[in-house]
Amino acid sequence: MTWRYALVLEPAASDDPRTDFATTFREIDPEAPALSVGELSTQRGDGIFESIGVVDGHPQEVTAHLERLAHSAALCDLPAPHLEQWRQAVAAAAAHCPAAGEGVIKLILSRGVEHGPAPTAWATAAQAADNSAVREHGVRVVTLDRGYAIDTPARAPWLLLGAKTLSYAVNMAAIREARRRGADDAVFVTSDGFVLEAPTASLVLRVADRFVTPAPNAGILHGTTQLSLFEHLAALGHATAYETIPVTALAEADAAWLLSSVRLAAPISAIDGVEVPIDRELTASFNDYLLSPRT
Ligand code: PLP
């Protein structure tokens, strides 16, 4: 039995002094049409979102997701979200998730209706796909050119490269291209030869006893899962670092993972058709940690 829940928020101004936002939420039928045909999120992908993993009814890393929502809003010139209102929306959605199993809560903040007065905002909760096989056996990736150089984000901030916008058509196209090439997923690389991220996940490498990930100022999303895992690794005494990583380092790494809020840690098992060893024990320990309640 799959499950689903949806609510619409009346977005509050970021300085709204209320402490209880229950009256700004309206539960809607998740299967029924809900958006106006004038919605700029659907017409232009003009909006931002977050996907929060839910484990046994507990929404993971809510603060990190809300901070990133606010960051994306600032990059996109959207009104600053009222974080307490969104936190309560997450709690309302989580209250409708089953006490056992994995789910996903999505938060969406759209530019709204063309010529309309305010942004549109909604939250959904749904059952997550079963990711146990991919966590154990890994993902085969291909490297795909993202079409810009490592310094492009600094030169062209209007490309919104560090924002989690609703414009994911390119990301989905990259996954289809990866499948055409016989793989499961992609790793984007810059035109001048540095690794970035996957279309829906961050990349982490183990190089000897260090864990490294591409620096988020290279126009990639700062992953909440990677951030959380690095805190965990640092607490265990491991060295972690944000670096500018050449493509050659990917195949040379001792192990590599794609990390994201719902799939969690997926070990990379092949790169551009060449098998690479996966570290099962370390991957299992990562996923044990990522499946534990995290705030
Ligand atoms: N990079 C991109 C482009 C993503 O879409 C995502 C998640 O959807 C991530 C990285 C990983 O972010 P998180 O760990 O917060 O899910």
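Counting starts at 1 for both ligands and their atoms, in listed order. What you see is a predicted model; the values in this text were computed from it and never measured. Residue numbers run from 1 in the order of the sequence given.
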Discussion item. Closer than 4.0 Å to some heavy atom of A201 - which atoms of ligand 1 meet that?
Written reply: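 Reading through ligand 1 atom by atom, the close ones are 1 (N), 2 (C), 4 (C), 6 (C), 9 (C), 10 (C), 11 (C).
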Item to complete: Could you list the atoms of ligand 1 found under 4.0 angstrom from a heavy atom of A198?
Response: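 Heavy-atom distances to A198 below 4.0 Å select 3 (C).
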Practice prompt. Indicate yes or no for a side-chain donor-acceptor contact from Q127 to the backbone of G103 under 3.5 Å, with no hydrogens or angles considered.
Written response: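 Judged by distance alone, no pair lies under 3.5 Å.
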Identify, for [atom], the protein heavy atom at the shortest distance, and state residue, atom and that distance.
atom: atom 1 (N) of ligand 1; answer: E197 OE1, 2.8 Å
atom: atom 14 (O) of ligand 1; answer: T225 OG1, 2.5 Å
atom: atom 5 (O) of ligand 1; answer: Y168 OH, 2.5 Å
atom: atom 8 (O) of ligand 1; answer: K164 NZ, 2.7 Å
atom: atom 15 (O) of ligand 1; answer: T224 OG1, 2.6 Å
atom: atom 16 (O) of ligand 1; answer: S261 OG, 2.7 Å

Practice prompt. Verify whether one side chain among S269 and R140 offers a donor that lies under 3.5 Å from an acceptor in the other.
Written response: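 There is no such pair (donor and acceptor under 3.5 Å, judged by atom type) between the side chains of S269 and R140.
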I'd like to know if [X] and [Y] make a salt bridge, using a cut-off of under 4.0 Å between side-chain N and carboxylate O.
X: E61; Y: R68; answer: no
X: K106; Y: E50; answer: no
X: R263; Y: D130; answer: no

Practice prompt. May I ask whether S260 has any heavy atom positioned less than 4.0 angstrom from an atom of ligand 1?
Written response: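 Contact check S260 vs ligand 1: positive.
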Discussion item. Using the side chain to side chain contact (heavy atoms under 4.5 Å, CB included) definition, which of the options D279, L233, L291 pairs with F286?
Written reply: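 One option only clears the test, and that one is L233.
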Worksheet item: Can you tell which part of L259 has a heavy atom less than 4.0 Å from ligand 1: side chain, backbone, both or neither?
Response: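 Backbone only.
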Worksheet item: ligand 1 versus A64, non-hydrogen atoms closer than 4.0 Å: side chain, backbone, both, neither?
Response: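 The answer is neither; A64 stays 4.0 Å or more away.
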Practice prompt. Decide whether an N or O pair under 3.5 Å exists between R68 and ligand 1.
Written response: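 Between R68 and ligand 1 (N or O atoms, distance only) the closest approach is under 3.5 Å.
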Worksheet entry | W257 reachable from Y242 in the ILVMFWY side-chain graph, under 4.5 Å edges |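 Looking at the clustering, W257 is in the same group as Y242.
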